[in-house]
Protein chains: 2
Amino acid sequence: MVASLHSFKHDIFRALLIEARKDAQLTQVQLAEKLNIPQSFVSKYERGERRLDFTEFIEIADLLGIDTSLFIANYKIKITGYLTPIN
Amino acid sequence: MVASLHSFKHDIFRALLIEARKDAQLTQVQLAEKLNIPQSFVSKYERGERRLDFTEFIEIADLLGIDTSLFIANYKIKITGYLTPIN
DNA sequence: GAATGATAACCTGTTTTGGGATATTTTGCA
DNA sequence: TGCAAAATATCCCAAAACAGGTTATCATTC
């Protein structure tokens, strides 16, 4: 493990985040304002220049109206090709 | 936002992770072996010396048999005092 | 109370980050 | 089509976080 910034998994993760922001009809600037962070921060994590830890992800997910269960299910499907059992 | 390593949120997050590892009956060494990382890595993230990004969390959660939906629900409850609507 | 097991702390060179400023790209409309 | 405005990416670099093997400390058991 030890996530390398530019792994396949991160690519999937970032794509899902970008999609979620667009679904929420927010620009990076608008999202940044809601989060009280600079726009470059949003740009960075969307491009994989900076990682998001768990707590940050939850915070952003809430603001974007992301259903985390669904989000994670989609993430796992895209990662593995199928839905991982249990979780 | 911008998660400070030793925030209240991280404290909750780490406590849940430690609890999950113990529920899974694994020592840090055993978990580390499964993840192919040093024990000090596990120790670090459990003590908040190192953050876990989203992809790492999912990987660990899978190994620990964590139900991520439940985990996140618990996290949110402990963070806010109540369950956040939608997500 | 010694051995074993489990976790924390150390050390230090390397990598990541923060965020304001600036550049580049994209969009949309006259 | 041409351009202004909007949106996003890139720069910069000091400061902070990380990696991971090694060692120390704490806990458990007999």
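By convention in this document, chain letters (A, B, ...) are assigned in the order of the sequence lines, proteins followed by strands, and residues within each chain are numbered from 1. All heavy atoms count here, side chains included; hydrogens, waters and symmetry mates do not.
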Original post:
Can you check whether Ser43(B) has a side-chain N or O nearer than 4.0 Å to OP1 or OP2 of dA8(C)?
Top reply: yes

Original post:
Which whole-number value in Å describes the distance from Phe41(A) CZ to dA16(D) P?
Top reply: 17 Å

**OP:** Figure out the CD1/C1' separation between Ile18(B) and dT7(C), and round it to whole Å.
**Re:** 11 Å

Original post:
Would you find a donor on one side and an acceptor on the other, under 3.5 Å apart, between the side chain of Arg50(B) and the backbone of Lys44(B)?
Top reply: no

Subject >> Whole-Å gap separating P (dG21(D)) and CD1 (Ile37(B)) >> reply: 11 Å

**OP:** Evaluate the side-chain proximity of Leu17(A) to Phe57(A): yes if any heavy-atom separation is below 4.5 Å, no if none is.
**Re:** yes

Subject >> Option passing side-chain contact (heavy atoms from CB on, under 4.5 Å) with Phe54(B) (candidates Asp53(A), Leu52(A), Ile72(A)) >> reply: Ile72(A)

**OP:** Round to a whole Å and report the spacing from CD of Glu33(B) to P of dG20(D).
**Re:** 16 Å

Subject >> Presence of Gln28(A) side-chain N/O under 4.0 Å of dA9(D) phosphate oxygens OP1/OP2 >> reply: yes

**OP:** Considering only NZ, NE, NH1 and NH2 on the basic side and carboxylate oxygens on the acidic side, decide whether Glu56(A) and Arg51(B) come within less than 4.0 Å.
**Re:** yes

Original post:
Hey, does the side-chain of Lys44(B) have a donor or acceptor N/O within less than 3.5 Å of a partner on the base of dA19(D)?
Top reply: yes

Original post:
How long is the line joining CZ of Arg21(B) and C1' of dA6(C), in whole Å?
Top reply: 9 Å

**OP:** Report yes or no: does Glu46(B) contribute a side-chain atom to a donor-acceptor pair with the main-chain N or O of Ser43(B) at less than 3.5 Å?
**Re:** no

Original post:
Can you tell me how far C1' of dA9(D) sits from CD of Glu49(A), to the nearest Å?
Top reply: 9 Å

Subject >> Distance below 4.0 Å between Gln30(A) side-chain N/O and dA7(D) OP1 or OP2 >> reply: no

Original post:
Counting only side-chain N and O atoms of Arg47(A), is one of them less than 4.0 Å from OP1 or OP2 of dT10(D)?
Top reply: yes

Subject >> For atom CG of Leu52(B) and atom C1' of dA17(D), their distance in whole Å >> reply: 14 Å

**OP:** Check whether any side-chain nitrogen or oxygen of Arg50(A) sits under 4.0 Å from OP1 or OP2 of dA17(D), and answer yes or no.
**Re:** no

**OP:** With DNA chain C as reference, determine whether Thr27(B) or Pro38(A) sits nearer its 5' end, using the nearest nucleotide of each.
**Re:** Thr27(B)

Original post:
Closest to the Ser40(A) side chain: dG20(D), dT7(C), dG20(C)?
Top reply: dG20(C)

Original post:
Rounded to the Å, how far apart are Asp53(A) CG and dT16(C) C1'?
Top reply: 13 Å

Original post:
Between dT7(C), dT8(D), dG18(C), which nucleotide has the shortest distance from any of its atoms to the side chain of Gln39(A)?
Top reply: dT8(D)

